[in-house]
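Computed from heavy atoms alone, side chains included, the values below leave out hydrogens, waters and symmetry copies. It should be emphasised that the depicted structure is a prediction, and the values quoted were computed from it without experimental measurement.
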Amino acid sequence: DRLVGYKQGMVRRGLDFQPEWILETDSNWEIGTLGRRRITELQLQEFPVTALICAGFYLTMSVIELLRTLKLEVPQDISIISFDDPPAASYVIPQLTTIKQPLYDLGARSVQRALPLLTGLEVKPVEVEFLPVDLVVRASCERLN
């Protein structure tokens, strides 16, 4: 869903979407050997990547650690946005810009949908429901004028 949202956002803004810009990892918390190699390659090309969106907080921490080994500074050399907004996001240096999910509302909606199943009521299949998210802007992104 995050990837679909990214693609839709690019189209809405009239921006090109390049499949090679997508890096899939083996896990949600570590970029792994292939991911490290791919990010390094992207940074060594003639026009290096200037921004990354990571699909989770721990994955973002792994990417930042790699960028530091490449002697790159966030946000001076590359901007970072992460999903989720744990309290630690505001303590990371630099403070991490995040896409914050409404976790309480997600839990409440899950319970509302599960309760009829527990009571044996017949439940009609429902479509996927998307709840609004918030962009929490902190220091890990450079603002362009």
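- Of the candidates T98, I31, V63, I99, V63 is the only one forming a side chain to side chain contact (heavy atoms under 4.5 Å, CB included) with C54.
- The structure places CZ of R37 at 11.5 Å from CG of L23, a figure rounded to the nearest 0.5 Å.
- Taking the side chain as every heavy atom from C-beta outward, L70 and T40 approach each other to under 4.5 Å.
- The neighbour count for F83 CZ, taken as heavy atoms of other residues, nucleotides or ligands under 6.0 Å away, is above 12.
- Using a 4.5 Å heavy-atom cutoff, the side chains of D77 and L67 are not in contact.
- In this structure, the side chain of Q101 does not engage the main chain of L103 through any donor-acceptor pair within 3.5 Å.
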Output, in order, the C-alpha distance, side-chain angles, deciding distance and verdict of side chain to side chain contact (heavy atoms under 4.5 Å, CB included) for V74 and I80.
CA-CA 7 Å; V74 176; I80 301 273; 3.9 Å; yes
Give the intermediate values and the outcome of salt bridge (Lys or Arg N to Asp or Glu O under 4.0 Å) for residues E65 and R68.
CA-CA 5 Å; E65 182 269 330; R68 287 182 177 148; over 6 Å; no
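- The number of heavy-atom neighbours closer than 6.0 Å to CH2 of W21, taken from other residues, nucleotides and ligands shown, is above 12.
- Put simply, the side chain of V49 reaches to within 4.5 Å of the side chain of L42, judged on heavy atoms.
- For the pair R138 (side chain) and T97 (backbone), a donor-acceptor distance under 3.5 Å is absent.
- Between the side chains of S62 and E30, a donor-acceptor pair is found at a separation under 3.5 Å.
- With rounding to the nearest 0.5 Å, the separation of CG in L115 from OG1 in T119 is 7.5 Å.
- Atoms CD1 and CZ, from I22 and R38 in turn, are 10.5 Å apart once rounded to the nearest 0.5 Å.
- Linking ILVMFWY residues whenever their side-chain heavy atoms come closer than 4.5 Å, directly or via other members, leaves V136 and F57 in distinct clusters.
- Heavy atoms of other residues, nucleotides or ligands lying less than 6.0 angstrom from CD of E24 number 12 at most.
- No side-chain heavy atom of Q43 sits under 4.5 Å from any side-chain heavy atom of K71.
- Interatomic distance, CG of D85 versus OG of S90, reported as 7.5 Å (0.5 Å rounding).
- Looking only at side-chain heavy atoms (C-beta outward), F17 and P19 come within less than 4.5 Å of each other.
- At a threshold of 4.5 Å between side-chain heavy atoms, the hydrophobic network of Ile, Leu, Val, Met, Phe, Trp and Tyr places L72 and L44 in two separate groups.
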List the steps and the verdict of side chain to side chain contact (heavy atoms under 4.5 Å, CB included) for Q45 and E41.
CA-CA 6 Å; Q45 62 190 5; E41 290 169 357; over 6 Å; no
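- The backbone N or O of E142 sits less than 3.5 Å from a side-chain atom of S79, completing a donor-acceptor pair.
- The side-chain heavy atoms of I81 and L52, taken from C-beta on, include no pair separated by under 4.5 Å.
- Counting heavy atoms of neighbouring residues, nucleotides and ligands inside a 6.0 Å radius, atom CD1 of I93 does not exceed 12 of them.
- A salt bridge is defined here as a Lys NZ or Arg NE, NH1 or NH2 lying under 4.0 Å from an Asp or Glu carboxylate O, and R2 with D84 meets this definition.
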When you look at L96 and M61, which way does the side chain to side chain contact (heavy atoms under 4.5 Å, CB included) test go after all the steps?
CA-CA 10 Å; L96 193 58; M61 295 297 93; 3.9 Å; yes
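- Follow the hydrophobic side-chain contacts under 4.5 Å out from L66 and you reach Y58 in the same cluster.
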